[in-house]
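What follows is one structure encoded as structure tokens, with my remarks underneath.
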Amino acid sequence: MRDIDNIRSDFPLLQQKVYGKPLVYFDNGATTQKPLCVLEELRKVYTDYNGNVHRGVHAMSDLTSEAYEGAREKVRSFINAGKSEEVVFTSGATSSLNAIAFSFGERYISRGDEIIVSEMEHHANIVPWQMLCLRKGAVLRVIPFNDAGELELDEYLKLLSPRTRIVAVTQVSNALGTVVPLEEIIRPAHSMGIPVLVDGAQGIQHGITDVRSLDCDFYAFSGHKIYGPTGIGVLYGKEKWLSELPPYQGGGDMVDRVSFDRTTYNVLPFKFEAGTMNYVGAIGLGRALDYVNELGREEILQREKTLLAYATERLSAIKGLRIYGQAAEKICTISFLLDNIHQYDTGMILDKLGIAVRTGTHCAQPVMDHYGIQGTVRASLCFYNTIEEIDALGTGIEKVIGMFS
Ligand code: PMP
């Protein structure tokens, strides 16, 4: 992997100062910063060849369509999907999850059917299923997790039943950092013919995701969490499912032929891409995936493992600090609380020291309920963070404790 100073120079925002102090950006779970090559790619679309996709016979439209479909192919290759028809662009993970909850629900869910999610899901992988349950009279079942933050797989096996229609789980918990053993979720579900959706919002950027070897039926993620632009996301679905599911939005480009008597739909993946898509975002996402590949996904994973080990050791040594989420398999996210100090106070003082962390429930209120707490402070790291920044966090936390003692 390239030298870390050299890598950091790709990210203009990391050079910022906050209150006169060098910015330490530890909120990568919420959104990641963008390398210059992505910003340049976005500019290039608008200055060199912008035209709406799949619409014109003119050169600008052709060039943009080619770049947009090129981005789809980059996503396909990045997640190792079998066909680019299985890659649908959306506005983000939330929109991908809602699309499946709606479409799958319309086609396959009836009164009394069951849907399984886990206790550690982000609200985006809970609420759309609850809305579906309300609409259809279906029932939501929940896989619990233990205090270390690991899913209780024995309990999961007990929840699977002939009424289960789909299982929807996260790849990585945004609140605890837990890496979910997806194979152990998918295998038993498939043995009963039940499809599995994976929320990859916190997984895609850490390590290597191969949807074909995982054999998941659906996979969702957001561009902005993998160094790409906001407003663009991906929904992968196996062709056999996507071709069966009804579209969830109607409009331009998703149709084949429209008349007042009858409308027929476009082929995959366009059936699920109604209206003018965020094609500039998709092209930017394609460039971000190239960037990640250029750095090396295995190298990123190894560097992030080193950062996690160091941060865990440094923070665990602080008296009065409790880490929430101690799963054996974790990505580099550390959720914690300080004895008798509210998480907002901790977050606000760290901010004054130039350290950006997230505070609150992290859109995972059931996780907080599990521990009987209001929220945590979350430091979510990625490859461009450094050991020195982790030391700055450790020193900052000690300062917070000192102020309150
Ligand atoms: N799932 C998980 C696990 C997440 O962490 C997030 C974002 N915090 C989402 C889904 C939703 O992503 P977005 O807001 O980009 O749609």
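Every number for a ligand or one of its atoms is a count from 1 in the order of the listing. FYI, side chains are in, hydrogens and waters are out, and symmetry mates aren't considered; it's all heavy atoms of this structure.
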Taking only distance into account, with no hydrogens and no angle test, what donor-acceptor pairs under 3.5 Å do side-chain atoms of residues 124-139 form with protein atoms, sequence neighbours excluded?
{"residue": "N125", "atom": "OD1", "partner": "W129", "partner atom": "NE1", "Å": "2.8"}
{"residue": "N125", "atom": "ND2", "partner": "E121", "partner atom": "OE1", "Å": "2.8"}
{"residue": "N125", "atom": "ND2", "partner": "A168", "partner atom": "O", "Å": "3.4"}

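No donor-acceptor pair closer than 3.5 Å links the side chain of S173 to the backbone N or O of T178.
Evaluation of the side-chain contact (heavy atoms from CB on, under 4.5 Å) rule for R163 yields D113, E114, S161, R165 as partners, not counting sequence neighbours.
Between Q171 and Y219, the side chains place a donor N or O and an acceptor N or O closer than 3.5 Å (distance only, hydrogens not considered).
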Which pairs of nitrogen or oxygen atoms, taken one from ligand 1 and one from the protein, are under 3.5 angstrom apart?
{"residue": "ligand 1", "atom": "1 (N)", "partner": "D199", "partner atom": "OD1", "Å": "3.3"}
{"residue": "ligand 1", "atom": "1 (N)", "partner": "D199", "partner atom": "OD2", "Å": "2.5"}
{"residue": "ligand 1", "atom": "5 (O)", "partner": "Q202", "partner atom": "NE2", "Å": "2.7"}
{"residue": "ligand 1", "atom": "8 (N)", "partner": "H122", "partner atom": "NE2", "Å": "3.2"}
{"residue": "ligand 1", "atom": "8 (N)", "partner": "K225", "partner atom": "NZ", "Å": "2.8"}
{"residue": "ligand 1", "atom": "15 (O)", "partner": "S222", "partner atom": "OG", "Å": "2.6"}
{"residue": "ligand 1", "atom": "15 (O)", "partner": "H224", "partner atom": "NE2", "Å": "2.7"}
{"residue": "ligand 1", "atom": "16 (O)", "partner": "T94", "partner atom": "N", "Å": "2.9"}
{"residue": "ligand 1", "atom": "16 (O)", "partner": "T94", "partner atom": "OG1", "Å": "2.6"}

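Every pair passing side-chain hydrogen bond (donor to acceptor under 3.5 Å, both in side chains) that includes a residue from residues 270-293 is listed here, sequence neighbours excluded: D10-Y291, N50-Y279, N52-T276, Y68-E273, R72-E273, K74-D290, R287-E294.
A salt bridge links K238 with D215; the closest basic N to acidic carboxylate O contact falls under 4.0 Å.
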